[in-house]
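Worksheet: the structure to be examined is printed underneath.
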Amino acid sequence: MKLSSRMKKAILVLAILIIAIYLIFRFFIEPPQPQVSVPPSVQLLESRLVGRKDGVRQWEILAQSVLQAGNSVTLTSLDEITMFQDQEPYLFIDADTAVWDRKLDILHLHESQVRDGEDGFYLESDLLIWDGAEETLTSPGPVFILWEGLEIQAAEMVMEAQSSLLYLKDDVRIRDGSMLWRLEQAVYDLEQKLMDFYGRVVLEGEDGDDE
Amino acid sequence: MNRRFVGLMIVMALFLGGTSVAWGQGQPGTLEITGVPTDVVAGRYDREAGVFFADVRAIAGALIKVKREDVQIVGKTMEWRTDDDYLIFTVDAKLTQDDFELTGDVVEYFGEEKKLKSQGNVVVTTDDATVYADHLDYEEETDQALFTGNVKVVFSDGVLEGERFLMLLEKSELQFFGSFQGEFSDKNSNEN
């Protein structure tokens, strides 16, 4: 068969194109990495997890399900979380789920309610973050606290375990009997029972609310 | 009674009869501290002792204000004891109600005893007169207001000066103790 010169040119161009495409794919486009074998995460059932700092117990969690993947430990179906201070339990927490970053020693508690054993302390927040290194309990969102007859609300909260200081930030409301304090920020020394009010302060007395 | 004293008596009676400024007995009222930056402490509440203390002297433009109905007290420092409903204002303390104004170095309100005291450069201003004294003591039970120490009552047309001046508000009586000196201008002398 005799090919016309136009056909010959077309076949030549096509051949060059095929070779070029092959070379591009061969040398310039990274071939996909071969599948790496990932060790399976560890799932434990009905576990007691203990967080320690310098060997001292900081918290203890009873959970029905513990899923570990890398540094992250996810706990679900929690029974109870106990926070320790000086080896003694001082706070008990009910939460839906807890996620613990082992490396950073940070514990995220979702839908949590905190109470203490003796003094009637109660705290409610959608998210609480326990920082083991700093020994702080933070609520980055709205928090509601009951403490010795006080009703406390704030947009944010940080509690320092070592100093027993409670930092309340933004739109702080503290109801004490018939009195309602509205504050920008407050720092409450839980041991000394002293409250420092920052910024604008408003106290409203309510009529006929007394016993 | 002299007409100029009647006006003063009425204003004093209206004011002092309604100076219950605290919240302790279920009375509505507000306390407000304004002009304090967010990172500066405006006041401290000692819950165990039941004491609230505020000091804004060092903060330019800041003010402590207590309001109850139409009575208002302002100052730069304040202490409030919630247990016995005691309130003390110092530094630029001023108490106002309508056309009545009381200023003094110190203004104190004793809620349980229902007493009002002021001392140091006491000035009571009404539409009818201005009273200067070192001290003012008012008791709600007896409805008496006692001005003592360098008392001076200034009217638009004259001045009275003495050491002790008692206003019996319920009886609409005025009592001057010790020597009192007065000077009034001629144009209103027919009122005396």
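Convention: sequence-line order gives letters A, B, ...; per-chain numbering from 1.
With a 4.5 angstrom heavy-atom cutoff, B:D46 touches chain A via backbone and side-chain atoms both. With a 4.5 Å cut-off on non-hydrogen atoms, B:V41 touches chain A through its backbone and its side chain both. Proximity to chain B is absent for every atom of A:L183, based on heavy atoms less than 4.5 angstrom apart.
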Under 3.5 Å donor-acceptor pairs involving side-chain atoms of residues 47-58 of chain B, not counting sequence neighbours:
{"residue": "B:R47", "atom": "NE", "partner": "A:D176", "partner atom": "OD2", "Å": "3.3"}
{"residue": "B:R47", "atom": "NH1", "partner": "A:E148", "partner atom": "O", "Å": "2.7"}
{"residue": "B:R47", "atom": "NH2", "partner": "A:E148", "partner atom": "O", "Å": "2.8"}
{"residue": "B:R47", "atom": "NH2", "partner": "A:D176", "partner atom": "OD1", "Å": "3.2"}
{"residue": "B:D55", "atom": "OD1", "partner": "B:R57", "partner atom": "N", "Å": "3.0"}
{"residue": "B:D55", "atom": "OD1", "partner": "B:R57", "partner atom": "NE", "Å": "3.1"}
{"residue": "B:D55", "atom": "OD2", "partner": "B:R57", "partner atom": "NE", "Å": "3.3"}
{"residue": "B:D55", "atom": "OD2", "partner": "B:R57", "partner atom": "NH2", "Å": "2.7"}

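Heavy-atom neighbours of A:Q87 CD from other residues, nucleotides or ligands within 6.0 Å: above the threshold of 12. Within a 6.0 Å radius of NZ in B:K76, other residues, nucleotides and ligands contribute more than 12 heavy atoms.
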Problem - side-chain contact (heavy atoms from CB on, under 4.5 Å) evaluation trace for A:V201 with B:E32 - result: CA-CA 5 Å; A:V201 174; B:E32 190 173 8; over 6 Å; no
Practice task
Determine, step by step, whether A:L203 and B:W80 satisfy the side-chain contact (heavy atoms from CB on, under 4.5 Å) criterion, reporting the C-alpha distance in whole Å, the side-chain angles of both residues, the deciding distance to 0.1 Å, and the verdict.
Solution key: CA-CA 12 Å; A:L203 167 64; B:W80 173 41; 3.4 Å; yes
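Annotation for A:G199 and B:A42: closest pair O-CB, 3.3 Å, computed over non-hydrogen atoms. Across A:L194 and B:R44, no two heavy atoms sit closer than the pair CD1-NH1, 3.5 Å.
Interatomic distance, A:W181 CH2 to B:L31 CG, rounded to the nearest 0.5 Å: 5.5 Å. Rounding to the nearest 0.5 angstrom, the gap separating the OG1 atom in B:T30 from the CG atom in A:L180 is 11.5 Å.
With a 4.5 Å cut-off on side-chain heavy atoms, A:M179 and B:Y45 count as touching. Put simply, the side chain of B:T38 reaches to within 4.5 Å of the side chain of A:Q185, judged on heavy atoms.
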